[in-house]
Amino acid sequence: MSDATEPWLIVGLGNPGPEYAANRHNVGFMVADLLAERIGGKFKRAQKAQAQVVEGRMGPPGPENRRVILAKPMSYMNLSGGPVTALRDFYKVPTDHIVAIHDELDIDYGTLRLKLGGGDNGHNGLKSMTKSMGADYHRVRFGIGRPPGRMQVADFVLKDFSPTERKELAYLVDRAADSVECLLAEGLERAQSAYNS
């Protein structure tokens, strides 16, 4: 197990470009943007990886305060593993100090689930990360539900949230950001009991 002084790499998964910005698949970017705002940072292009990063500290002053690197890979979703691995190596982050924030089809809209390790459940961003560095990283899974009727999964995740979903979206993104802060400050079990629904 890594020690408390080591940095954390918090990765919001999504696709770069304005045409994808409000898609369901980009909820990881939305949470990362809010976390950057909370620590008072602005995303800049990373020198050593195809990603945008913000460095800062998260959590209350004292032993729970953590050094963090927030990242948004600027490859497409299915190539996320390359940039994340480059950042991990550059900042010397242990794999168990990496958190991927991503959309999750098999959970109802707005439901959060935090976990360490596990499969990729068909999620291309996780598949790429796991292929690059193994599966022993944390995940904050943001439920988006299944596509209605016969809609293809690819079409569903690359569509914007519906008007009904958007009414709650800011609150849910806020809650997901809170869960990341709780995970870093208080550990996985506390975060799971507070936020897993």
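Reckoned from all heavy atoms, side chains included, excluding hydrogens, waters and symmetry mates.
- In this structure, Gln50 and Ser75 approach most closely via the heavy-atom pair NE2-CA, 3.8 Å.
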**Report entry** Residue pair Tyr109, Glu168: steps toward the side chain to side chain donor-acceptor pair (under 3.5 Å) verdict
**Finding:** CA-CA 10 Å; Tyr109 174 67; Glu168 277 189 291; 5.5 Å; no
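- Between the side chains of Asn15 and Asn23, no donor N or O sits under 3.5 Å from an acceptor N or O.
- In this structure, the separation between NZ on Lys127 and CG on Leu79 is 12.5 Å, given to the nearest 0.5 Å.
- Taking each heavy atom of Pro94 and Glu6 in turn, the nearest pair found is CG-OE1, 3.4 Å.
- Across every non-hydrogen atom of Pro73 and Val84, the tightest pair is CG-CG2, 4.1 Å.
- Counted within 6.0 Å of NZ on Lys115, heavy atoms from surrounding residues, nucleotides or ligands total more than 12; the atom is thus considered enclosed.
- A side-chain donor-acceptor contact under 3.5 Å links Arg66 to the backbone of Leu184.
- Hydrophobic clustering, with ILVMFWY side chains joined whenever heavy atoms are under 4.5 angstrom apart, groups Val11 together with Leu126.
- In this structure, the side chains of Phe43 and Met74 stay at 4.5 Å or more apart for every pair of heavy atoms.
- Residues Ile39 and Val53 are members of separate hydrophobic clusters, defined by side-chain heavy-atom contacts under 4.5 angstrom among Ile, Leu, Val, Met, Phe, Trp and Tyr.
- Note that the NE2 atom of His97 and the CD1 atom of Ile69 stand 11.0 Å from one another [nearest 0.5 Å].
- Judged by distance alone, the side chain of Ser132 and the main-chain N or O of Ser128 form a donor-acceptor pair under 3.5 Å.
- The minimum heavy-atom distance linking His25 with Leu158 is given by the pair CD2-CD2, 4.2 Å.
- Rounding to the nearest 0.5 angstrom, the gap separating the CG atom in Leu112 from the CG atom in Leu172 is 7.5 Å.
- The shortest distance between side-chain heavy atoms of Lys159 and Met151 falls below 4.5 Å.
- We find that Arg38 and Asp178 are joined by a salt bridge, their nearest charged nitrogen and carboxylate oxygen being less than 4.0 Å apart.
- Between Phe142 and Leu169 the shortest heavy-atom distance is CZ-CD1, 4.2 Å.
- The closest donor-acceptor contact from the side chain of Arg24 to the backbone of Phe156 lies under 3.5 Å.
- With Ser80 contributing its side chain and Met77 its backbone, the two residues share a donor-acceptor pair below 3.5 Å.
- Expressed to the nearest 0.5 Å, how far CZ of Phe90 lies from CD of Gln47 amounts to 6.0 Å.
- Listed here is the closest heavy atom pair of Asp106 and Arg146: OD1-NH1, 2.6 Å.
- Residue Glu181 forms a side-chain contact (heavy atoms from CB on, under 4.5 Å) with just one option from Val68, Ile10, Leu35, and that option is Leu35.
- How far CD1 of Ile144 is from CG of Asp108: 11.5 Å, rounded to the nearest 0.5 Å.
- With rounding to the nearest 0.5 Å, the separation of CZ in Phe29 from CG in Leu34 is 15.0 Å.
- With hydrophobic clusters built from ILVMFWY side chains whose heavy atoms lie under 4.5 angstrom apart, Met129 does not share a cluster with Leu116.
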**Report entry** Audit row: Arg67, Glu55, salt bridge (charged side-chain N to carboxylate O under 4.0 Å, His left out) steps and yes/no
**Finding:** CA-CA 8 Å; Arg67 182 178 161 227; Glu55 294 180 60; 3.7 Å; yes
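- Of the residues listed (Ile101, Val99, Val140), the one engaging Leu114 in a side-chain contact (heavy atoms from CB on, under 4.5 Å) is Val140, and it is the only one.
- Note: Tyr76 and Tyr20 have perpendicular aromatic rings, judged against thresholds of 30 and 60 degrees for the angle between ring planes.
- When hydrophobic clusters are built by joining Ile, Leu, Val, Met, Phe, Trp and Tyr residues whose side-chain heavy atoms come closer than 4.5 Å, directly or via intermediates, Phe161 is not grouped with Leu13.
- Heavy atoms from other residues, nucleotides or ligands lying under 6.0 Å from CD of Gln152 number 12 at most.
- Between the side chain of Arg139 and the backbone N or O of Gly117 there is at least one donor-acceptor pair closer than 3.5 Å.
- Panel note: side chain Ser193, backbone Arg190; a donor-acceptor pair is recorded below 3.5 Å.
- Using a distance-only test at 3.5 Å, with no hydrogens or angles considered, no donor-acceptor pair links the side chain of His138 to the main chain of Ala100.
- Grouping the Ile, Leu, Val, Met, Phe, Trp and Tyr side chains by contacts below 4.5 angstrom, directly or via other members, places Val31 apart from Leu87.
- Between Lys72 and Asp33 there is a salt bridge, since at least one side-chain N of the basic residue sits less than 4.0 Å from a carboxylate O of the acidic one.
- A 4.5 Å side-chain heavy-atom check between Met58 and Leu70 finds at least one atom pair inside the cut-off.
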